[in-house]
Amino acid sequence: MVRLFGPLVGLFFAVALLWSFGNGAYTAITEPAAPTAEHEFHLHPKEVHFASDGAFGKFDKAQLQRGFQVYKEVCSTCHSMKHVAFRDLAALGYSEAEVKAIAKEWGAKQPTFDPKTGERAERDNIPSDYFPTVYYAGQGVPPDLSLITKARHDGGAYVHSLLTGYQEQPAELLKKFPDAKTPDGLYYNPYFANLNLAMPAPLTGEGQVTYSDGTKATVDQMATDVSAFLIWTAEPKLDKRKQTGWAVLGFLLVATVLAYLAKKNVWADKKGE
Amino acid sequence: MSFPWANEYKPANGLTQWLDEKLPLPRFVYNAVGAGYPVPRNLNYMWNFGVLAGFCLVLQIVTGVILAMHYAANAGVAFDSVEHIMRDVNWGWMLRYAHANGASAFFVVVYLHIFRGFFYSSYKAPREMIWLLGVVIFLLMMATAFMGYVLPWGQMSFWGAKVITGLFGAIPVVGEPLQVWLLGGYAPDNAALNRFFSLHFLLPFVIAGVIILHIWALHIPGSSNPTGVEVKQESDTVPFHPYYTAKDGFGLGIFLLIYCAVLFFAPNMLGHPDNYIPANPLSTPAHIVPEWYFWPFYAILRAFTSDFFFIPAKLMGVLAMFSAILVWFFLPWLDTSPVRSGHYRPLFRKFFWLLLIDVAVLGYCGGAPAAEPFVMISQIASMYYFLHFLVILPIVSSIEKPEPLPFSITEAVLGKDESAVLNANPAAA
């Protein structure tokens with residue numbers, strides 16, 4: 001039965017596929033897919049290196065502090081960071097008192113609700129609070145930044161490229177795709193998936209933030225610092241992970257060598273395996 | 001059943017003697033994976049992957065049970081509870097990465113185990129039942145992995161669930177009500193997430209049960225081996241312990257080295273970035289792709305782009321995708337060659353490698369966007385896939401002239417076998 005019906009079933013699928021293939025090929029020849037502006041002008045992230053890259057990479061705490069400053073003074077106007085708590089900032093090298101001060105002075109306050117009176121109010125943030133949600137009424141939906149570098153391919157480099165990639169729409173693009181003109185209220189950026197985004201260039205010029213450690217705040221520097229910071233917010237356990245990884249691999253290497261020797265020893269009296 | 005020369009379990013002391021009389025569990029283990037199970041002496045490292053698959057299941061259950069202590073299966077908080085695990089639970093990041101990459105490791109190991117079965121025709125009599133149960137385990141694994149991927153409730157979780165449950169909608173007449181019933185709604189939401197979590201917790205234990213049957217069925221004829229020649233005599237075998245416990249121990253070490261390198265240094269390599277974006281029913285990702293281990297079957301699903309007579313393209317795709325696995329159930333009867341091992345089947349061997357390349361091509365196309373040339377390539381590759389199992393294999397096994405087999409495993413290993421000489425020339429005795 002199997003040998004009778006098997007080939008028939010096989011041929012059935014094969015013919016159906018051939019039919020699909022023929023139709024597809026016919027369409028591909030008669031109506032070739034038109035190129036799109038996204039397809040031709042979208043760019044992959046630039047090559048950017050971070051201290052945390054690679055198997056031996058570790059976070060540069062001074063850079064993370066600078067990046068946090070950029071987030072605080074620029075990004076946090078529109079973007080939330082709901083998975084990060086103020087207490088987490090201790091990992092950037094801030095003391096307990098500094099973390100308390102950062103929380104207290106944070107612009108957006110924690111909303112409170114009194115269940116007895118039904119009154120809504122606000123209070124200052126404390127270290128155990130998560131960063132308060134930012135409500136944005138303008139055009140576009142600023143995504144939460146906690147996980148942004150893990151939610152995009154090549155995340156750190158992507159954020160850096162996006163922040164430094166704003167430019168005039170190329171004339172060549174408009175010539176080839178006259179309908180693809182950037183709409184009013186959107187901004188052209190070849191690193192963004194569909195080339196136009198609602199966020200205007202957030203890093204506008206040198207010295208936009210004043211770094212306390214004396215680092216010169218060029219646009220590129222600020223972009224790199226805030227990208228590094230966002231790598232940390234997405235994967236705060238990165239240092240611990242790699243450190244654990246080396247210990248585990250070291251142990252496993254020794255164990256595997258021993259297992260190999262044990263195996264050789266056990267099999268010594270049997271030729272061939 | 002076992003071979004007559006199998007070592008017999010002898011309780012060493014009063015306690016084990018007492019236990020052996022009341023509940024002979026140590027005897028059972030001794031006969032199953034101890035010195036009481038004689039195994040062909042010529043198994044190569046491809047025979048390591050059954051044990052590794054068992055290890056992966058245990059790893060998934062242990063990490064999964066702990067993750068379930070911290071995870072909340074509610075569409076409102078599921079995503080956040082996963083981030084809570086990653087950030088606030090002690091070693092939570094390691095557990096989650098171990099579990100997510102553990103699923104991939106499980107599939108790597110099981111695919112190698114299955115292709116080992118293809119090459120050495122492990123499915124042939126008297127081992128058909130082991131093979132059939134193995135296919136059941138694979139189907140259960142796919143269901144479990146799919147539902148597990150939905151739980152973090154990211155964009156790919158949501159849209160993957162929507163696409164896969166949408167497949168049931170392709171069934172004529174009952175399809176749409178069935179889909180609504182399965183999901184508990186018109187789109188994946190809290191009801192779906194909750195039942196997926198419940199089933200994701202249940203199915204691994206079902207898998208464990210079927211694995212017990214799989215191993216039980218294995219112990220009746222005993223393990224196959226690279227020559228495909230059945231065990232004839234004691235010199236063909238060695239006791240499982242210590243010979244294969246030692247060999248599998250080394251294999252496990254190599255496996256763990258690779259697995260941990262990924263876990264600790266590239267834990268998101270096999271995942272999709274979109275799953276770090278919370279599920280949003282109003283925003284469809286540009287490319288909806290499942291996890292890598294489903295890619296070959298996803299390519300087959302998408303290869304059917306035109307209605308075939310009265311059968312809609314989508315239904316054809318669904319039928320083909322399920323048939324692509326169901327066809328494995330019929331392998332023992334499609335491949336009629338009396339020779340098992342691919343080593344002695346020159347023509348079969350060529351087609352085996354072609355199949356391996358074909359599945360790799362299908363996998364690549366399944367992960368690529370649904371655009372040309374990938375659709376056309378996957379159409380050709382899917383065609384070969386079905387023709388391979390259903391047409392080529394039966395023909396090859398009837399026209400092929402196999403190469404001569406060794407007389408016994410002992411001869412294959414040592415180059416000569418005393419009893420072979422005796423059999424050929426009784427006068428020499």
Side-chain angles (χ1 to χ4, degrees), chain A residues 1-3 6-11 13-25 28 33 55 82-85 88 143-144 146-148 150-153 155 193 234-237 240-242 244-246 248-249 252-253 255-260 262-263 265-267 270-273, chain B residues 41-44 80 83 86-87 93-94 97 238 242-243 246-247 249-250 252-254 256-257 260-261 263-265 267-268 273-278 286 303-306 308 311 313 316 319-320 323 327 330 333-334 336 371-372 375-376 379-380 382-383 386-387 389-391 394 412-414:
Chain A
M1 283 297 263
V2 171
R3 285 190 285 280
L8 291 177
V9 172
L11 288 172
F13 282 125
V15 171
L17 282 161
L18 204 60
W19 176 244
S20 288
F21 179 82
N23 278 332
K82 67 176 204 170
H83 295 295
V84 183
D88 295 332
D144 186 279
S146 328
L147 283 165
I148 202 77
K150 283 207 291 197
R152 300 289 183 274
H153 281 289
E235 186 87 353
K237 301 290 165 65
K240 176 91 178 157
R241 166 158 68 75
K242 289 179 188 170
T244 312
W246 285 116
V248 169
L249 288 188
L252 284 174
L253 198 65
T256 306
V257 169
L258 290 178
Y260 176 71
K263 186 226 133 199
N265 191 21
V266 166
W267 281 86
K270 298 277 171 197
K271 192 189 157 209
E273 306 156 21
Chain B
R41 63 190 287 179
N42 60 336
L43 302 189
N44 59 33
D80 293 351
E83 277 310 307
M86 291 296 287
R87 289 157 195 269
W93 57 270
M94 189 171 82
Y97 280 151
V238 290
Y243 289 95
K247 194 165 178 170
F250 172 57
L252 182 65
I254 298 289
L256 281 175
L257 275 169
C260 287
L263 196 171
F264 289 102
F265 296 100
N268 292 306
D274 277 17
N275 227 26
Y276 281 109
I277 304 171
F304 292 82
T305 49
S306 301
F308 191 56
I311 311 172
M316 276 305 295
L319 284 175
S323 305
V327 68
F330 298 96
W333 298 280
L334 287 165
T336 52
E372 299 302 354
V375 177
M376 281 172 158
Q379 282 160 345
I380 302 292
S382 306
M383 217 182 298
F386 286 107
L387 292 178
F389 286 111
L390 293 164
V391 179
V413 175
L414 300 177

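Chain A is the first sequence line, chain B the second, and so forth, proteins listed ahead of strands; every chain is numbered from 1. Not measured: the values here are computed from a predicted model.
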Checklist entry - With only heavy atoms counted, which part of K82(A) is less than 4.5 Å from chain B, the side chain, the backbone, both or neither? => result side chain
Item to check | Minimum-distance pair of heavy atoms, taken over all atoms of M376(B) and A28(A) | outcome: CE-CB, 4.3 Å
Checklist entry - Closest approach of H83(A) and D80(B), non-hydrogen atoms and distance? => result CE1-OD1, 3.1 Å
Checklist entry - How about F265(B) and L249(A): do any of their side-chain heavy atoms sit closer than 4.5 Å? => result yes
Checklist entry - Are F13(A) and M316(B) close enough that some pair of their side-chain heavy atoms sits under 4.5 Å apart? => result yes
Checklist entry - Tell me, side chain or backbone of L263(B) under 4.5 Å from chain A's heavy atoms, or both, or neither? => result backbone
Next on the checklist: Just so I understand: if I count every heavy-atom pair under 4.5 Å between each of G6(A), P143(A), G155(A), A151(A) and chain B, which residue has the most?
Outcome noted: A151(A)
Next on the checklist: Minimum heavy-atom separation for V2(A) and L334(B), please, with both atom names.
Outcome noted: CG1-CD2, 3.6 Å
Item to check | chain B contact via V266(A) - side chain, backbone, both or neither, heavy atoms under 4.5 Å | outcome: both
Next on the checklist: Let's test your reading of the structure: which of A16(A), A262(A), A14(A), A55(A) forms the most heavy-atom pairs below 4.5 Å with chain B?
Outcome noted: A16(A)
Checklist entry - Is the shortest heavy-atom distance from the side chain of R41(B) to the side chain of K270(A) under 4.5 Å? => result yes
Checklist entry - Does K263(A) reach the side chain of Y243(B), with side-chain heavy atoms less than 4.5 Å apart? => result no
Item to check | Any donor-acceptor N/O pair, R3(A) side chain to W333(B) backbone, under 3.5 Å | outcome: yes
Next on the checklist: Under 4.5 Å from any heavy atom of chain A, what part of F389(B) do you find: side chain, backbone, both or neither?
Outcome noted: neither
Checklist entry - Under a 4.5 Å heavy-atom cut-off, does chain B meet the side chain of A255(A), its backbone, both or neither? => result neither
Checklist outcome for this item: In terms of heavy-atom contacts, C260(B) and L252(A) come closest through SG-CD1, 3.7 Å
Item to check | CD1 on I148(A) to OH on Y276(B), rounded to 0.5 Å | outcome: 13.5 Å
Item to check | OG-CG distance between S382(B) and L18(A), expressed to the nearest 0.5 angstrom | outcome: 12.0 Å
Checklist entry - If you tally heavy-atom pairs under 4.5 Å against chain A, which of P394(B), A320(B), A371(B) wins? => result A320(B)
Checklist entry - Which atom pair, heavy atoms only, marks the closest approach of A303(B) to S20(A)? => result O-CB, 3.7 Å
Checklist entry - What's the verdict on ring-ring contact (aromatic ring centres under 6.0 Å, His included) for W267(A) and F250(B), showing C-alpha distance, side-chain angles and the deciding distance? => result CA-CA 12 Å; W267(A) 281 86; F250(B) 172 57; over 10 Å; no
Checklist entry - How many angstroms lie between CE in M94(B) and OG1 in T244(A), if you round to the nearest 0.5 Å? => result 7.0 Å
Checklist entry - Tell me, side chain or backbone of V327(B) under 4.5 Å from chain A's heavy atoms, or both, or neither? => result neither
Next on the checklist: Using every non-hydrogen atom in the two residues, find where G10(A) and L387(B) come nearest and quote the distance to one decimal.
Outcome noted: O-CD2, 4.1 Å
Checklist entry - Tell me, do R152(A) and I277(B) make a side-chain contact under 4.5 Å, heavy atoms counted? => result yes
Checklist entry - Which is it for R87(B) and D88(A) under the salt bridge (Lys or Arg N to Asp or Glu O under 4.0 Å) test, yes or no, and what are the steps along the way? => result CA-CA 9 Å; R87(B) 289 157 195 269; D88(A) 295 332; 5.4 Å; no
Checklist entry - chain A heavy atoms under 4.5 Å from W93(B): which part of the residue, side chain, backbone, both or neither? => result side chain
Next on the checklist: Which atoms of V257(A) are under 4.5 Å from chain B, going by heavy atoms: the side chain, the backbone, both sets, or neither?
Outcome noted: neither
Next on the checklist: Counting only non-hydrogen atoms closer than 4.5 Å, does L253(A) touch chain B with its backbone (N, CA, C, O), its side chain (CB onward), both, or neither?
Outcome noted: both
Item to check | K150(A) vs P273(B) side-chain heavy atoms within contact, under 4.5 Å | outcome: no
Item to check | Per-residue contact mode, A234(A) against chain B (heavy atom under 4.5 angstrom) | outcome: backbone
Checklist entry - Relative to chain B, which segment of L8(A) carries a heavy atom at a distance below 4.5 Å: side chain, backbone, both, or neither? => result neither
Checklist entry - Would one find more than 12 heavy atoms of other residues, nucleotides or ligands at under 6.0 Å from atom CZ of F264(B)? => result yes
Next on the checklist: Test side chain to side chain contact (heavy atoms under 4.5 Å, CB included) on V375(B) and F21(A); report intermediate values, then the result.
Outcome noted: CA-CA 8 Å; V375(B) 177; F21(A) 179 82; over 6 Å; no
Next on the checklist: Do T305(B) and N23(A) make a side-chain contact, defined as non-hydrogen atoms from C-beta onward lying under 4.5 Å apart?
Outcome noted: no
